[in-house]
Protein chains: 2
Amino acid sequence: MTIGRPREFDTDQALEAAMRQFWSKGYEATSLQNLLEVMDVSKSSFYETFGSKHELLEQCLALYTNTLIASLREELRQAKTGLSFIEKVLKGLIDEASTKGEKCGCLMVNVTNELAQRDKIIAKLVANGSKSLQGVFKEAVLRGQKEGNIPLNKTPDILSNFLVNNMVGLKTMVKGGADVKTIKDIIEVTMTALK
Amino acid sequence: MTIGRPREFDTDQALEAAMRQFWSKGYEATSLQNLLEVMDVSKSSFYETFGSKHELLEQCLALYTNTLIASLREELRQAKTGLSFIEKVLKGLIDEASTKGEKCGCLMVNVTNELAQRDKIIAKLVANGSKSLQGVFKEAVLRGQKEGNIPLNKTPDILSNFLVNNMVGLKTMVKGGADVKTIKDIIEVTMTALK
DNA sequence: TCACTTATGGACCGTTCGGTACATAATATT
DNA sequence: AATATTATGTACCGAACGGTCCATAAGTGA
């Protein structure tokens, strides 16, 4: 057993709550008070466990990218074709656009726009995350090309960057309140670029 | 002549300085102190002239979109073809990516990601700006189609939304530190979608 | 039971936040 | 010269900011 007084809160759960808060409100607009409330942690325990607000963000970013990438990899593994995976991921944004609730966008995109230029640590983290995301798309494109659904006239590297770019754009468009039809149209044009 | 004591600062200049500050640092991270310094305005004059930090942002957004749209319209007017205009605008991002200096992205994109979900006034402003931007692209596509450089199998509305989406994505990618080759590749794929 | 270790509650820190109040300064009009 | 009007400088506001400190609580193993 661990020595000393046991934690009264769930670390993973607290981290996830913090992640959602940063995701929803951004870094600056999320106050320590906000975090303590949603994480259900006392201030002492907060600094003891997570170091600082900034370090917490780093951990949240890591959690976000890890779960996102893992989930995408799994989905790709289960997908019928590389192309259908790509289509499914893009079309996931239609649901997001249809939601009446809050549209949080993508934490990586949000953080990039808010902090990347003045915070090198965070910039590095999102750059890595973005590269991982591109990696998944690249794998999907490669598979699609092997399967004969995606033409060979463009490299997986180039096409995956293009896909990431459209994902990033769409996340922002949805957050900005673009209507569902617009999103659908963009996805369709994006998909035809793979044909 | 105007009555009362004359202003000791240039309103337009101050507004533009504020815009650059919001553009560079975002809304929350820009403090009133920051604004007073770059605008070269006393606190009293600030509140007298601009109302509040939030109202100032609204005015900055209006300034940003107006100058952006005006500049794009002029460029389109002078462009040889609708297609070449689109290409030129997209390729402008390559220079941005090459800059050693700060990459501020797009104020509308930044503000959308930071505020749109919780600030309806701002959301409305960026939605209007986005629509204007799309309008310019739409006009360019229409012209390109008339000129025979852009196929007719997709409507100007759809293609312009697609172009806006890639612009938004690219602005964020550049801000996130994407290298020049990546940006170039994305632009190329985007352009082939118009052919 | 007693030390040892870790977690928690709460008081406290100086600083900065956005914003207001008001006396004073600088102009135009009469 | 007096007055009306607008701009500015300065002092001030309460609240919130992120973060520290330390006494106390709640477990462990000896």
Side-chain angles (χ1 to χ4, degrees), chain A residues 1-61 111 114-115 118-122, chain B residues 1-61 110-111 114-115 118-122 125:
Chain A
M1 287 294 138
T2 54
I3 218 165
R5 180 173 172 175
R7 291 230 162 83
E8 291 182 6
F9 66 95
D10 184 321
T11 311
D12 295 342
Q13 210 167 299
L15 192 61
E16 203 190 317
M19 184 193 76
R20 278 197 300 262
Q21 194 71 4
F22 283 137
W23 194 356
S24 161
K25 299 186 52 178
Y27 181 68
E28 301 284 353
T30 297
S31 73
L32 207 59
Q33 213 54 39
N34 290 151
L35 290 168
L36 301 184
E37 285 162 14
V38 301
M39 296 171 80
D40 197 30
V41 172
S42 76
K43 195 176 264 198
S44 316
S45 303
F46 177 90
Y47 281 100
E48 174 68 24
T49 310
F50 301 101
S52 67
K53 189 186 173 187
H54 191 273
E55 288 170 72
L56 175 64
L57 177 64
E58 298 173 37
Q59 297 166 47
C60 288
L61 266 174
V111 164
E114 186 179 359
L115 300 172
R118 57 191 162 97
D119 189 328
K120 294 188 177 175
I121 296 175
I122 299 299
Chain B
M1 287 298 137
T2 53
I3 219 167
R5 178 173 173 175
R7 288 229 162 85
E8 292 180 6
F9 65 95
D10 184 321
T11 311
D12 296 342
Q13 212 168 296
L15 192 62
E16 203 189 315
M19 184 192 76
R20 278 196 301 263
Q21 194 72 3
F22 283 137
W23 195 354
S24 161
K25 299 185 51 178
Y27 181 69
E28 301 285 354
T30 297
S31 73
L32 208 57
Q33 213 55 39
N34 290 152
L35 290 168
L36 300 184
E37 285 161 16
V38 300
M39 296 170 81
D40 196 31
V41 172
S42 77
K43 195 176 262 197
S44 315
S45 303
F46 176 90
Y47 281 100
E48 174 68 25
T49 310
F50 302 102
S52 67
K53 189 187 174 187
H54 190 274
E55 287 170 73
L56 175 64
L57 177 64
E58 298 174 36
Q59 297 167 47
C60 288
L61 266 174
N110 298 351
V111 164
E114 185 180 1
L115 300 172
R118 58 194 162 97
D119 189 328
K120 293 188 177 174
I121 296 175
I122 299 299
L125 283 172

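As the structure is a computational prediction, the values presented were derived from the model and not from experiment.
A/Lys25 contributes no side-chain N or O that, together with a main-chain N or O of B/Arg118, makes up a donor-acceptor pair within less than 3.5 Å. Checking side-chain atoms of A/Glu114 against main-chain N and O of A/Glu28 turns up a donor-acceptor pair under 3.5 Å.
Regarding A/Arg5, its CZ atom lies at a distance of 14 Å from the P atom of C/dT6, rounded to whole Å. Distance CD (B/Glu8) to C1' (D/dT6): 12 Å, rounded to an integer number of Å. One atom, CD1 of A/Ile3, and another, P of C/dT5, lie 7 Å apart when rounded to the nearest Å.
For D/dA7, its base never sits under 3.5 Å from the side chain of B/Arg7 at any donor and acceptor pair.
When side chains are defined from C-beta on, B/Leu32 counts as touching B/Phe46, because their heavy atoms get closer than 4.5 Å.
Across all their heavy atoms, A/Val38 and A/Gln21 have their closest contact at CG1-OE1, 3.6 Å. Contact detail for A/Val41 and A/Ala14: the closest heavy-atom pair is CG2-CB, 4.2 Å.
By the neighbour-count criterion of 12 heavy atoms within 6.0 Å, atom CG of B/Asp40 is sparsely surrounded, having that number or fewer from other residues, nucleotides or ligands.
Of the residues in residues 20-54 of chain B, B/Ser42, B/Ser44, B/Ser45, B/Glu48 come within less than 4.0 Å of DNA chain D through at least one heavy atom, sorted by number.
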